[in-house]
Amino acid sequence: MGQKILFEKIHIPGIKTYDVYRENGGYASVEKALKMNPDDITEEVKTSGLRGRGGAGFPVGLKWSFIDKKSGNPRHLVCNADESEPGTFKDRYLMEYIPHLLIEGMITSSFALGANLSYIYIRGEYMWVFKTLERAIKEAYAAGWLGKNIKGSGYDLDLHVHCGGGAYICGEETALIESLEGKRGNPRIKPPFPAVKGLWQNPTVVNNVESIATVPWILLNSGEDYAKIGLGRSTGTKLFSVSGHVKKPGVYEIEMGMTVDEFMNSDEYCGGMIDDRPLKGLIPGGSSVPILPQHLIFKTANGEDRLMTYESLADGGFATGSSLGSGGFIVYNDTACIVRNTWNFSRFYHHESCGQCSPCREGTGWMEKILWRIENGQGTEEDIDVLWSIQAKIEGNTICPLGDAAAWPVAAAIRHFRDEFEYHIRFPEKIKKRDHFVNEPFEKVKHLLNTVTI
Amino acid sequence: MKVTIDGIELEVEPGTTVLQAARMIGGDVVPPAMCYYSKLKDTGGNCRACLVEVSKGSEADPRPMPKMMPSCKTGVMDGMEVKVKTSDRALDARKAVTEFLLINHPLDCPVCDQAGECDLQNLSFKHGLEKTRFKEEKRTFEPENIGDKIQLHMNRCILCYRCVHTAEQVCGSRNHGVLNRGDHAQISTYVSAAIDHEMSGNMIDVCPVGALTDKTFRFKSRVWFNKPFDAHRNCDKCCGKTTLWMFGNEIQRVTARKDEFHEVEEFICNECRFDHKEVSDWVIEGPRKFEKWSVINQSNYTRKMDTVKIDTEKHILEGRDQDRKKISMTEVPYKNTENS
């Protein structure tokens, strides 16, 4: 059993309610924080080495220190709970089962930033979680943890939950801010960064749910204690939402630094492959990060053990590694069709592109259409090369990272599973049956690629 | 502040963007801009046609920027070095953007009213591929009536957001905008409203492609058959300074005056644009000049023409000499004479 920080109290019956949460030591961090100097809290978070859990992994303390406190404008903290990436569903667990932890984190973090008005921007589809949070906030107001003059400290904080309209792009921080302002959820061009000009042109910090929910623990214990957990620059614990062909899908909290092998095969966590079929691929950080082929999952290209850390999962760049991303751990066995899977992701990104900048708007649609043709047995030889060229043209040329998120899965699929694409193109009759790779795993039909020449 | 663009050093004011600095230099160094419009606030950054490579961030932080930067939104830092036409990455990105923009843009230049003054036409002429790699079906939209003055052809729209910014900033009221997401995104009016503001005609001028065209000029003529004249009238709504597009003595179209970057100098009102089509309404200042390479210039009668000199006699004599050689064929003996 590793150290639990976020899931420490999640199994206590009735922890959703304020009374039970308070009995179990809830809101202690707020009591402590209100007696502290706000800048010391930021220093503590800096010491902890906590990195943003939304996907980019930017150090949280550093992000807080960028906030413009000199301008005299009101500051805001916005919690990014717009969790819409395929394969990622960890924040939902926290908010649904222990909502007061997030609220506690919001209060301590807002105090550290000197924010008097904070928001939780939640995904529109999480309506029941939205209601849970609203109830919890009401309880917190009633108990005097929110509102004017919190517990006699002279600090005021108002907290609102805002329900998004159901757009994936609103998880991008500047698009989230636009959406919160009541506009179309289009990302803004940075700079200026939100820490200087964010919500209503005021200095704003946008943090993920998991990042904010970790702050109370750091404050109650210490930044140093937090930094002791984990490995190297990947400090602390991390939630992983496991889905796909494993025996025990779900959300797990692990100390960073565990090997991928242990995480996947130990009974405490994923419990190994379902039906004991062979492993084919792994996406370690949600659909936007590149897929890893079988031979690169447990070992890095250098032959070292692949660990559950930011650095190890990204080892060797995208040619041999991937990224920790938001922790959406998706496992595929040999019956999975990578082309169909890539098409499905591409369909998602095409649907969710905001349409503001041309490479993303046009490119995602183009990729989806080509992948659809290949998947349905209508692909041609040059399609793979065209796909490769399109993804290279989208990546890095867009306003926000959605373009990259759309390009990387396609690039990785072609890089590691090009023969599957070729199989789709060269044996359309087999592909059209639609049950390809389910009854005939690719390993068994792969030899056809070598025997038949066109 | 000092900035170097393609090796050319320049002093600029703080707050200048890379694109503005490049425009000060002019010529080939200027990156193309499909969505940026200097006369409107907050434009730019959408089309990505103006991507440049920043090879040196600034004097304080000389690291190159890892990503390609949109020059219209990137502020100049002291000591910054920028590559526009000397960077292969920038040229590749521009090619890519051109290809992306043309994916869903129909190549109907032969029937499009914007042909000849279309920014996308110029962009693809300079940076486009010879043939398309896009085999799929293009996106299409149902025709929509947005008012009696402006024709919306949504299929041609490249979603530059210029008209939306114009409506907000010049008209002061906006009843149209962008609906939907991704490549389904479209310009449309909210709940079938009509665009009827007295400055709304400027949307036609700011549109870089043929998505918004003048209903009073539609299919009347090709722009290169018209002769543009600068003219003015007293107008209490706008500056009254316009360009008249004449065919003989007929005013076929009135537009605002555009500068070398195809941006209007001053916005004009709908009354000047649509209601005054008589020569007597205007004080004509003289012919308007356009860039040398502009298609409109092809019919420009104001430029000095080269004298054509035809050396008829010389050419004829040359020909005769050649013919004589062919006919005489001195090397070939005339065999038939022996037999006859």
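Throughout, a chain's letter reflects where its sequence line sits, starting with A, and its residues are numbered from 1. Since the model is a prediction, treat every value here as computed from it, not as a measurement.
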Does the side chain of A/V386 come within less than 4.5 Å of B/F134's, by heavy atoms? no
Residue B/H127 excluded, over 12 heavy atoms near NE2 under 6.0 Å: yes
Would you find more than 12 non-hydrogen atoms of other residues, nucleotides or ligands less than 6.0 Å from A/R418 atom CZ? yes
If you look at every heavy atom in B/A93 and A/N397, which pair is closest and at what distance? CB-ND2, 3.9 Å
From CA spacing to verdict: side-chain contact (heavy atoms from CB on, under 4.5 Å), A/I399, B/R48: CA-CA 8 Å; A/I399 295 176; B/R48 320 302 280 178; 3.3 Å; yes
Pick one of side chain, backbone, both or neither for A/A167, based on which atoms fall under 4.5 Å of a heavy atom in chain B. both
Residue B/M77 excluded, over 12 heavy atoms near CE under 6.0 Å: no
For A/E395, is it the side chain, the backbone, both, or neither that has a heavy atom closer than 4.5 Å to a heavy atom of chain B? neither
Looking at A/S389, A/P191, A/G185, A/P359, which has the largest count of heavy-atom pairs under 4.5 Å with chain B? A/P359
Any side-chain heavy atom of A/R373 sitting closer than 4.5 Å to one from B/E136? yes
Side chain, backbone, both or neither: which part of B/E137 has a heavy atom under 4.5 Å from chain A? backbone
Measure distances from B/N180 to the heavy atoms of chain A and classify the residue's part below 4.5 Å as side chain, backbone, both or neither. backbone
For chain B, which of A/A392, A/G365, A/G363, A/C354 has the most heavy-atom pairs under 4.5 Å? A/C354
Check whether more than 12 heavy atoms from other residues, nucleotides or ligands sit under 6.0 Å from atom CG of B/D108, and answer yes or no. yes
Counting only heavy atoms closer than 4.5 Å, note whether A/T380 contacts chain B via side chain, backbone, both or neither. side chain
Within a 6.0 Å radius of atom CZ on B/F125, are there more than 12 heavy atoms belonging to other residues, nucleotides or ligands? no
side-chain contact (heavy atoms from CB on, under 4.5 Å) between B/I103 and A/K369, intermediate numbers included: CA-CA 12 Å; B/I103 281 181; A/K369 283 169 187 165; over 6 Å; no
Please say whether more than 12 non-hydrogen atoms of neighbouring residues, nucleotides or ligands are located less than 6.0 Å from NZ in A/K197. no
Spell out, as yes or no, whether a donor-acceptor pair under 3.5 Å connects the side chain of A/R184 to the backbone of B/V178. yes
Please classify the contact between B/L51 and chain A as side chain, backbone, both or neither, with a heavy-atom cut-off of under 4.5 Å. side chain
Using a cut-off of 6.0 Å, state whether more than 12 heavy atoms not belonging to A/K46 lie near its atom NZ. yes
Distance col, row A/Q356:CD vs B/Y161:OH, nearest 0.5 angstrom, shows 5.5 Å
Atom group of B/L179 that falls short of 4.5 Å from chain A, counting heavy atoms: backbone
Output the option from B/R139, B/M68, B/R133 having the highest count of non-hydrogen pairs under 4.5 Å with chain A. B/R133
Under 6.0 Å from the NZ atom of B/K67, do we count more than 12 heavy atoms belonging to anything else shown? yes
Exam field: side chain B/R181 to backbone A/R361, donor-acceptor pair closer than 3.5 Å: no
Non-hydrogen atoms of chain B under 4.5 Å away: do they reach the side chain of A/I189, the backbone, both or neither? side chain
Of all heavy-atom pairs linking A/E362 and B/D183, the shortest is OE1-CB, 4.2 Å
Going through the distances and angles, do A/D383 and B/K135 end up as a side-chain contact (heavy atoms from CB on, under 4.5 Å)? CA-CA 10 Å; A/D383 277 344; B/K135 290 188 235 168; 3.7 Å; yes
Pick from B/C35, B/C47, B/C160: which one makes a side chain to side chain contact (heavy atoms under 4.5 Å, CB included) with A/S358? B/C47
